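In this text the structure is predicted, and so the values were computed from the model without any measurement.
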There are 2 protein chains.
Amino acid sequence: MPERPSAGRADLEEAILRAAEAEFAEKGFEGATTAAIAARAGLPKANLHYYVATKEALYRRVVEGVLAAWLDAARGFDAAPTAVEALTRYIEGKMDLARDRPLGSRIFAREVMSGAPVIRDFLDTTLSAWVRERGAIVEGWVADGQLRPLDPKVLFYMIWAATQHYADFAHQITALNGGVPLDDAGFAAAKRQVVATLLGGVLAPRPDDMAAIPA
Amino acid sequence: MPERPSAGRADLEEAILRAAEAEFAEKGFEGATTAAIAARAGLPKANLHYYVATKEALYRRVVEGVLAAWLDAARGFDAAPTAVEALTRYIEGKMDLARDRPLGSRIFAREVMSGAPVIRDFLDTTLSAWVRERGAIVEGWVADGQLRPLDPKVLFYMIWAATQHYADFAHQITALNGGVPLDDAGFAAAKRQVVATLLGGVLAPRPDDMAAIPA
DNA sequence: TGATGGTTTGACCGCTCGGAAAAACTGACG
DNA sequence: CGTCAGTTTTTCCGAGCGGTCAAACCATCA
């Protein structure tokens with residue numbers, strides 16, 4: 001087994017995956033070229049092909065990583081006693097994910113807009129089950145008076161939309177921020193406002209709950 | 001002037017634009033092919049080229065239409081006396097736009113995710129001005145106590161995200177709706193909840209304003 | 001040192017794409 | 001009926017794409 005000094009096999013595959021993620025996020029599956037991915041990873045095109053069979057297989061691997069990160073962030077919803085805590089944790093987790101891994105979100109968005117050719121199965125099975133189960137929990141919160149009457153799915157859509165917007169539309173946000181990307185303080189403020197607005201919009205209007213919303 | 005029975009020049013150009021919009025929305029600029037656009041419009045590829053010089057010129061024309069529709073919907077914000085009315089009208093208008101013209105929203109989203117190569121100027125000038133002016137109005141509503149303290153831009157982002165989600169992620173919504181697209185009743189309910197949640201989240205918590213939120 | 005197996009690379013291939021060119025067609029008008 | 005401007009269609013081309021291939025490279029071990 002050859003032991004290269006700078007790049008072992010694992011490091012190379014990691015570099016390829018990161019390069020592919022960036023290219024797919026920016027250009028889309030059709031727009032991305034294997035040559036550009038290889039160049040970004042720092043190796044010739046033919047060498048990239050030694051590690052991944054086809055462009056589609058590479059894309060599929062990248063997407064799998066995206067879905068794994070999504071599911072991981074979605075666990076922030078569970079194991080919280082109250083609606084306020086669960087929603088706050090979940091929204092903040094998704095905001096952080098949008099901030100830290102925006103590329104994955106863009107790949108996901110492109111996938112869905114193209115009719116979800118690769119992740120259709122994920123939508124029909126894993127995500128459907130997730131929404132069904134957590135939807136039941138949300139309905140429980142409505143029943144016991146924590147939340148105003150609402151359709152859980154519409155709430156989830158709002159959370160996903162509001163949070164992923166900071167990944168998918170980061171360029172637009174930058175443009176409307178005077179051309180400079182949101183700094184950490186600006187993003188933290190946005191996160192607070194997103195949480196406050198969503199919670200304020202769905203929590204049953206009881207004074208003690210209103211007080212629990214961060215300013 | 002030749003008077004064809006079925007298709008005059010104006011009709012043909014309209015058909016081309018609609019076909020191009022559909023292809024660009026689904027496949028993206030790189031993924032779309034002029035052959036597919038021509039086929040969808042019902043004419044040979046070379047004939048399409050007689051009407052539009054290049055693929056990029058065609059794309060640019062489609063995008064201009066999208067931006068025009070966006071600005072038109074954005075006018076729902078103006079000329080409303082109160083925050084409740086202005087926001088309600090604007091959110092509902094953007095929801096209707098997402099429902100009626102989802103393709104444009106997807107093209108816009110793809111553009112931004114790709115770094116806005118074509119609409120950068122629009123973002124930097126027209127949209128920036130729009131946000132600046134309406135942001136001042138929103139700040140006025142905060143100052144006179146209609147709205148809780150907030151950053152207007154973050155509010156706009158939430159409105160854009162929540163509404164355009166119904167266009168950009170329609171496939172996902174369909175998958176989570178048991179495989180069938182949202183019907184009109186379901187969409188109307190979603191629209192009501194989006195308006196209620198956003199208004200409930202930003203309106204200053206005064207009893208009379210709360211009562212103004214649609215159920 | 002020579003054989004071996006994993007790795008790297010330049011050259012190449014078939015295909016599809018956007019676009020060009022030119023011929024054929026069509027209807028209006030003299 | 002001939003001319004002409006506008007339109008349609010067939011054919012073709014160069015560029016760039018994903019992917020292949022065989023030669024070269026390199027570390028290890030008998």
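Distance, Leu48(A) CG to dC21(D) C1': 17 Å, rounded to whole Å. Rounded to whole angstrom, the span from the OH atom of Tyr59(A) across to the C1' atom of dG18(D) amounts to 17 Å. Distance CG (Asn47(B)) to C1' (dC25(C)): 12 Å, rounded to an integer number of Å. The nearest whole Å value for the distance from the CZ atom in Arg60(A) to the P atom in dG18(D) is 17 Å. Counting to the nearest Å, the P atom of dG18(D) and the NZ atom of Lys27(A) are 11 Å from each other. Taking atom CD of Glu13(B) as the reference point, atom C1' of dT7(D) lies 13 Å away to the nearest angstrom. Atom P of nucleotide dG18(C) and atom CD1 of Ile37(B) are separated by 8 Å, given to the nearest angstrom. For the pair Asp11(B) CG and dT7(D) P, the interatomic distance rounds to 13 Å; values are reported in whole Å.
Ranking dG6(C), dG19(D), dA20(C) by closeness to the Thr34(A) side chain, first place goes to dG19(D). Of the candidate nucleotides dG19(C), dG18(D), dT8(D), dG19(C) has the atom nearest to the side chain of Lys45(B). Here dT10(D) is the nucleotide among dG19(C), dT10(D), dG19(D) with the atom lying nearest to any side-chain atom of Ala46(B). The Lys55(A) side chain lies nearest to dG19(D) when the options are dG19(D), dG10(C), dT8(D). Distances from the side chain of Pro44(A) to the nucleotides dT9(C), dT8(D), dT9(D) place dT9(C) closest.
Within the structure, every side-chain polar atom (N or O) of His49(A) is placed at least 4.0 Å from both OP1 and OP2 of dG18(D). Listed pair Tyr50(A) / dT7(C) meets the phosphate criterion, a side-chain N or O lying under 4.0 Å from OP1 or OP2.
Between the side chains of Arg110(A) and Ser114(B), at least one donor-acceptor pair of N or O atoms lies under 3.5 Å.
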**OP:** Check the pair Arg106(B), Glu21(B) against salt bridge (charged side-chain N to carboxylate O under 4.0 Å, His left out), reporting the backbone distance first and the verdict last.
**Re:** CA-CA 10 Å; Arg106(B) 282 174 220 166; Glu21(B) 188 179 53; over 6 Å; no
**OP:** Apply the test side chain to side chain donor-acceptor pair (under 3.5 Å) to residues Tyr59(A) and Glu111(A): give CA-CA distance (whole Å), side-chain angles for both, the deciding distance (0.1 Å), then the verdict.
**Re:** CA-CA 11 Å; Tyr59(A) 178 71; Glu111(A) 252 295 306; 2.9 Å; yes
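One finds the CG atom of Leu123(A) at 5.5 Å from the CZ atom of Phe108(A) (value rounded to the nearest 0.5 Å).
Using a 4.0 Å heavy-atom distance criterion, Ala32(B) is classed as a sugar-phosphate-only contact.
Aromatic ring centroids of Trp130(B) and Phe77(B) lie under 6.0 Å apart.
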